[in-house]
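Data first, discussion second: the structure below is written as structure tokens.
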Amino acid sequence: MSTDLTTFFHDYLEKQPLFLNKKALQTNYTPSTIPHRVDQINTIASMLAPILRGEKPSNLFIYGKTGTGKTLVTQYVASQVSHVAQERNVPVQVVYLNCKLKRVADTEYRIIAQLAKEFGQDIPATGLPTDEVYKLFLKHLDQDKRLIVLILDEIDQLVKKAGDEILYNFTRINSVLKNAELSVIGISNDLLFMDNIDPRVKSSLNEEELVFPPYNAIQIQDILRQRSNIAFRENILQDGVIEKCAAYAAREHGDARRALELLRVSGELAERKNQQLITIEHIDEAEDKIERDKVLEIVHTQPKQFQLTLLSIFLVKEVSETKPLFTGDVYEIYKDLSQKINLKPLTQRRVSDIIAELDMLGIINAKVISKGRYGRTREIRLAIPISTVPLIKQALQEGLNL
DNA sequence: CGAGATTCATGTGAAGTATACCTTTAGGCTTAA
DNA sequence: AAGCCTAAAGGTATACTTCACATGAATCTCGTA
């Protein structure tokens with residue numbers, strides 16, 4: 001037994017790994033050069049540059065679909081600036097916050113609490129009045145004379161959930177601060193985001209704006225080549241692999257992150273199978289796996305009630321394969337299920353909200369329709385490939401002890 | 001036959017409740033002078 | 001008397017419930033051509 005294992009590990013080490021540096025394909029990797037984003041980099045850089053002279057830069061809004069490099073470019077430029085600032089002893093601080101993270105930054109209170117945490121102030125999860133948290137945060141912020149750049153990623157999600165009051169407060173913050181100065185960089189996937197914002201906020205926050213266009217297939221290929229040179233050993237990619245990854249990603253509005261992920265997972269699959277070549281088949285397999293993992297990840301991090309609701313949707317779907325799904329049916333099943341596992345059933349009102357949130361998460365599509373005489377309801381459709389459903393369903397059932 | 005009224009099943013908003021957690025404060029106990 | 005600890009009081013955010021009203025097109029009703 002143990003010898004088997006030791007040989008296994010020996011073999012493992014003997015094997016030529018496919019990856020030299022897997023980090024290069026991971027989402028948080030920052031390459032030394034960012035192709036096809038020169039204009040954007042320059043724009044942001046020239047916007048931030050005044051900070052080195054101690055002047056407050058304008059607020060900036062960045063738009064672009066997912067995987068167009070918004071976050072990467074912004075963080076890259078910001079870190080360069082703060083580097084130089086540090087060398088020159090200019091007090092600059094960059095804070096990055098992703099507003100999408102559920103239960104971390106999706107209400108006004110939690111955003112401020114999270115920001116305060118970035119400045120080293122711990123704020124309890126509940127119990128304090130919101131304006132008290134503001135005060136604490138401001139006090140910390142204003143301790144030293146410095147310039148602060150606040151990067152709010154996926155800011156549209158925040159506003160959707162918590163309203164635009166927070167943004168309004170951010171615009172006023174500078175008049176309260178005595179020592180520090182704050183500028184905001186907002187990043188949004190939604191190009192129409194600004195349309196539904198309070199005009200006062202709009203004018204003061206939207207001083208500059210910048211749009212990231214999607215990459216085209218050729219550009220994605222460039223990116224993939226650059227990264228794969230770092231990540232993989234030579235001659236590991238079958239001809240056409242890069243092209244296919246790029247094509248897949250270009251199909252989805254030029255999402256480079258997706259392309260990179262596809263390549264990485266393909267590599268992992270090949271490696272796990274002890275193969276020395278990454279082939280086109282691996283990509284298809286990877287696509288499936290990514291989709292599945294993504295949903296599984298979401299599913300696992302959701303509260304029990306969400307999981308149960310989702311499972312109910314799956315079950316209803318199973319009963320009537322082709323017929324559209326409605327809230328009422330889902331709720332009936334949901335009630336039964338929650339009885340079975342001894343969970344206090346929520347009211348329909350709440351389940352309705354949960355369904356709306358599952359929709360926001362992108363697992364389902366729920367559209368409010370009117371069936372005329374037969375009332376009004378949500379028509380629910382799965383937004384994930386059917387092939388992944390059984391696995392997710394199973395995971396859900398296990399997670400809920402069913 | 002067609003315009004308007006009706007109807008259904010649930011969406012949606014507002015307000016209230018339960019829970020978990022926070023700070024403040026007052027009382028009680030300990031300690032040291 | 002001063003200092004420290006504890007528990008109660010008073011406050012908040014969040015998740016959820018309760019209540020009440022809003023919705024909007026299929027269907028019904030009924031006057032009219």
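Residue numbering restarts at 1 for every chain, and letters A, B, ... go by the order of the sequence lines.
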[X] with [Y]: basic N within carboxylate O range, under 4.0 Å:
{"X": "A:D153", "Y": "A:K70", "result": "no"}
{"X": "A:K65", "Y": "A:E252", "result": "no"}
{"X": "A:R381", "Y": "A:E379", "result": "yes"}

With respect to the phosphate group of [N], does any side-chain polar atom (N or O) of [X] fall under 4.0 Å of OP1 or OP2?
{"X": "A:R349", "N": "C:dA15", "answer": "no"}
{"X": "A:T126", "N": "B:dT19", "answer": "no"}
{"X": "A:T107", "N": "C:dA13", "answer": "no"}
{"X": "A:S370", "N": "C:dA25", "answer": "no"}

Among [options], which is the nearest nucleotide to the side chain of [X]?
{"X": "A:R378", "options": "C:dT12, B:dT12, C:dT18", "value": "B:dT12"}
{"X": "A:L128", "options": "B:dA14, B:dT23, B:dG11", "value": "B:dT23"}
{"X": "A:P124", "options": "B:dC22, B:dT12, C:dT12", "value": "B:dC22"}

Mind listing the N/O atom pairs, protein and nucleotides 1-7 of chain B, below 3.5 Å?
{"unit_1": "B:dT7", "atom_1": "O3'", "unit_2": "A:R373", "atom_2": "NH2", "d": "3.3"}

Sequence neighbours excluded, every pair satisfying salt bridge (charged side-chain N to carboxylate O under 4.0 Å, His left out) that has a member inside residues 392-402 of chain A: A:E318-A:K393

With a cut-off of 3.5 Å and sequence neighbours excluded, list every side-chain donor-acceptor pair involving residues 51-61 of chain A.
{"unit_1": "A:N59", "atom_1": "OD1", "unit_2": "A:V184", "atom_2": "N", "d": "2.8"}
{"unit_1": "A:N59", "atom_1": "ND2", "unit_2": "A:S204", "atom_2": "O", "d": "3.1"}

For the side chain of A:R376 and the base of C:dT23, is some donor closer than 3.5 Å to an acceptor across the two? yes

Whole angstrom value for the distance that separates P of B:dT12 from CD of A:E357: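 Atom-to-atom, A:E357 to B:dT12, this comes out as 13 Å.
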
Distance only, no hydrogens: is a donor on one side chain within 3.5 Å (strictly under) of an acceptor on the other, for A:E108 and A:Y134?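 Indeed, the side chains of A:E108 and A:Y134 share at least one donor-acceptor pair under 3.5 Å.
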
